[in-house]
Amino acid sequence: MAKTIRIAVVSPPAFSHQASIIEFCKKLVNVDQQFHVTCIFPTIDAPIPATTTLLQSLPSNVDYTFLTPVKNEDLPQGVPSVVQLQHAVCQSMPSFRNALRSLCSTTPLAALVADPFANEALEITKEFNILSYVYFCNSSMAVSFLLRLPTLHDQGLRECLDHLTRTIQIPGCIPIQGHDLPRDLRSSVAYEFMLQRCKRFTLADGFFVNSFFEMEQGTVTALKESSKGGNHNAPVYPVGPIIQTRPISEKNMLECMRWLEKQSPNSVFYVSFGSGGSLSQQQLNELALGLELSGQKFLWVLRPPNDVADGAYLVAAKDHDPLQFLPNGFLERIKEQGLIVPSWAPQIQILSHASTGGFLTHCGWNSILESILMGVPMVTWPLFAEQGMNAVLLTDDLKVALRPKFNENGIAEKGEISKVIKGLMMGAEGNEIRQRIEKLKDTATNALKEDGSSTRAIYEFGMQMENFQGRPLN
């Protein structure tokens, strides 16, 4: 009988990160049942309700613990969400050390897997003489950027951020202009936080990436080569696409599904900005009018406006009815054309429905992978974090999406929005995109099969763990 291999994972208090690492744990123990995983979650004020719902579906060989909450009032205010997130993780590290000590005292741990935004944990694992890995819920392109950020900094990265049309070249990736680099880095405070965090990746014994080899072959190959050269042969495991396997709530489920059932195949344009993306009131108005002007059927998950793009990322939006922020008369005019759903909708069920023919996405990686696995063409609308890089990957490299143009004030106007939607849903370019994403869907599905590239990567990790069991670390 195979010996149980016990590992722990730690993820920051952000739902998109926690959801991805939870699904990674479920996949890990499903593929290789010798694993037993304990999830450790820092919290701000209280556990995230959507996370607690996901945790209810865990198999018996995955358990979890929440660390002592950090108070939101003790975090710096008026700074980017990424800075707040990093402060919350830093303040949680004493509690994390105690949790790890408790685990190691009862059952020997073979390894810890940390989210990149909780990679302070990599230093702590050395105290307990266990292996440490990083799980990136990002594209391989974004991972390559983060691993190379200290080098790019030495090569003048800040100048690219100051001159947004300058281009950087990441090995194995399509060129990226400064305006598509992570927007948080334009804040000097966030930049320094990220730089120090990225320098810590050299402590890791390996890296998991929520992507698959066939989609980002050149980038993954370059990642593996650079890791061999600079990180004591730390392996890179592309294990995706990993997405949520069940809805996090039944709220709005029936209304959405009933409405979709009445629509023609591939006729509905789905609009959602993820679990935390927000638009300004001006941009919300333009999007509403653009959807109406397109004449296409649409299903829109609407959140109240916020002048900060990630204003709802860490802190829940205020309890306002989003419908009150729509243009006058809009709901009456589009009652036969569209469905507006407040705040949340069952995204995977919508994307997998035969009526859904397009998806306007904020380019969060979880949403992108869901759209790829369901074969739905996209319109990219990046808001924050590495989403601009993801948009470039989709539009310029994979060519499975269109991207609207924004005016000098950073606003996509209704006419442009309407043109892009109709181009995706009705135009010749949209048909070509649909054919390409259908092929990509098949490739993604194959990567997850028993003999697929991503499943083999997990088996390789299991073999490495077996080889290290009982062997002292250097």
Side-chain angles (χ1 to χ4, degrees), residues 4-14 16-42 51 54-55 58-59 61-67 89 92-93 96-97 99-100 103-104 107-138 140 142-143 146-147 197-198 200-211 223 227 231-232 234-240 242 365-366 454-455 457-469 473:
T4 298
I5 300 175
R6 296 185 179 272
I7 67 172
V9 304
V10 59
S11 185
S16 60
H17 288 251
Q18 292 182 350
S20 187
I21 209 165
I22 288 169
E23 295 298 341
F24 165 70
C25 294
K26 290 161 65 176
K27 182 176 179 64
L28 185 66
V29 301
N30 181 57
V31 170
D32 194 335
Q33 297 185 4
Q34 66 184 325
F35 283 108
H36 186 284
V37 185
T38 298
C39 303
I40 303 173
F41 295 119
T51 295
L54 275 183
L55 292 171
L58 290 179
N61 45 355
V62 180
D63 54 37
Y64 64 92
T65 183
F66 288 106
L67 300 179
V89 170
S92 298
M93 282 300 105
F96 169 78
R97 180 182 279 105
L100 203 61
L103 281 174
C104 290
T107 52
L109 283 178
L112 173 91
V113 180
D115 182 279
F117 282 98
N119 74 5
E120 289 89 343
L122 300 179
E123 297 173 339
I124 295 175
T125 59
K126 303 307 177 186
E127 302 173 20
F128 296 90
N129 200 38
I130 58 179
L131 293 167
S132 59
Y133 296 80
V134 179
Y135 171 75
F136 291 94
C137 56
N138 314 91
S140 298
V143 172
L146 291 172
L147 293 181
R197 186 170 297 281
C198 290
R200 205 176 285 125
F201 290 136
T202 58
L203 299 173
D205 294 292
F207 305 98
F208 297 98
V209 185
N210 188 11
S211 186
L223 265 176
S227 182
N231 210 43
H232 50 79
V236 177
Y237 301 107
V239 294
I242 294 171
W365 193 241
N366 290 341
S454 295
T455 304
I458 290 180
Y459 281 129
E460 289 171 12
F461 172 64
M463 291 175 62
Q464 186 188 33
M465 288 293 95
E466 287 181 353
N467 292 336
F468 273 108
Q469 285 287 81
L473 303 180

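Nothing fancy with the numbering, it's 1 onward along the sequence.
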TODO: For atom CD of Glu123, decide whether the heavy atoms of other residues, nucleotides or ligands shown that lie under 6.0 angstrom number more than 12.
DONE: yes
- [ ] Sequence neighbours left out, what passes salt bridge (charged side-chain N to carboxylate O under 4.0 Å, His left out) with Glu460? Give chain and number order.
- [x] none
TODO: Check Leu122 against Arg200 and note the closest heavy-atom contact, atom names and distance.
DONE: CD1-O, 3.6 Å
Open item on the list: Quick one, Gln464 with Tyr237, criterion side chain to side chain donor-acceptor pair (under 3.5 Å). Give me CA distance, side-chain angles, the key distance, then yes/no.
Closed with: CA-CA 12 Å; Gln464 186 188 33; Tyr237 301 107; 2.9 Å; yes
Open item on the list: Main chain of Ser132, side chain of Asp205: is a donor-acceptor contact present, judged purely on distance under 3.5 Å?
Closed with: yes
Open item on the list: Could you go through Ser20 and Tyr135, starting from their C-alpha distance and side-chain angles, then the distance that decides it, and tell me whether this counts as side chain to side chain donor-acceptor pair (under 3.5 Å)?
Closed with: CA-CA 9 Å; Ser20 187; Tyr135 171 75; 2.7 Å; yes
Open item on the list: How close do Cys137 and Trp365 get, counting heavy atoms only, and between which atoms?
Closed with: O-CD1, 3.4 Å
Task: Stepwise side chain to side chain contact (heavy atoms under 4.5 Å, CB included) test for Glu120 and Phe96 - done: CA-CA 10 Å; Glu120 289 89 343; Phe96 169 78; over 6 Å; no
- [ ] Using modelled atom types only, decide if a donor and an acceptor are shared between the side chain of Thr125 and the backbone of Leu131 within a distance under 3.5 Å.
- [x] no
TODO: May I ask you to say whether Arg197 pairs ionically with Asp115, meaning some side-chain N is under 4.0 Å from a carboxylate O?
DONE: no
Open item on the list: Counting C-beta onward and ignoring hydrogens, is there a side-chain heavy-atom pair between Ile242 and Lys26 closer than 4.5 Å?
Closed with: no
- [ ] Taking all heavy atoms of Gln18 and all of Pro13, pick out the closest pair and write down the distance.
- [x] NE2-CA, 3.4 Å
Open item on the list: List the residues meeting side-chain hydrogen bond (donor to acceptor under 3.5 Å, both in side chains) with Glu127, not counting sequence neighbours, and say none if there are none.
Closed with: Arg97
TODO: Give the minimum heavy-atom separation between Val10 and Ile21, together with the two atoms involved.
DONE: O-CD1, 3.9 Å
Open item on the list: For Val239 versus Ala457, what's the shortest heavy-atom pair and its separation?
Closed with: CG1-CB, 4.2 Å
Task: Stepwise side chain to side chain contact (heavy atoms under 4.5 Å, CB included) check, Leu109 with Leu100 - done: CA-CA 9 Å; Leu109 283 178; Leu100 203 61; 3.6 Å; yes
Task: Heavy-atom side-chain proximity of Asn138 to Ser211 below 4.5 angstrom - done: no
Open item on the list: Over 60° means perpendicular and under 30° means parallel, so tell me whether Phe461 and Phe208 are parallel, tilted or perpendicular.
Closed with: perpendicular
- [ ] Kindly indicate whether the side chain of Ile40, heavy atoms from C-beta on, has any atom under 4.5 Å from the side chain of Leu103.
- [x] yes
- [ ] Indicate the atoms forming the closest heavy-atom contact of Gln34 with Gly462, along with that distance.
- [x] NE2-O, 4.2 Å
- [ ] Mind telling me whether Phe117 and His17 have parallel, tilted or perpendicular rings, with 30° and 60° as the class edges?
- [x] perpendicular
Task: Min side-chain heavy-atom separation Pro238-Ser140 under 4.5 Å - done: no
Task: Working for side chain to side chain contact (heavy atoms under 4.5 Å, CB included), residues Leu147 and Phe207 - done: CA-CA 10 Å; Leu147 293 181; Phe207 305 98; 3.9 Å; yes
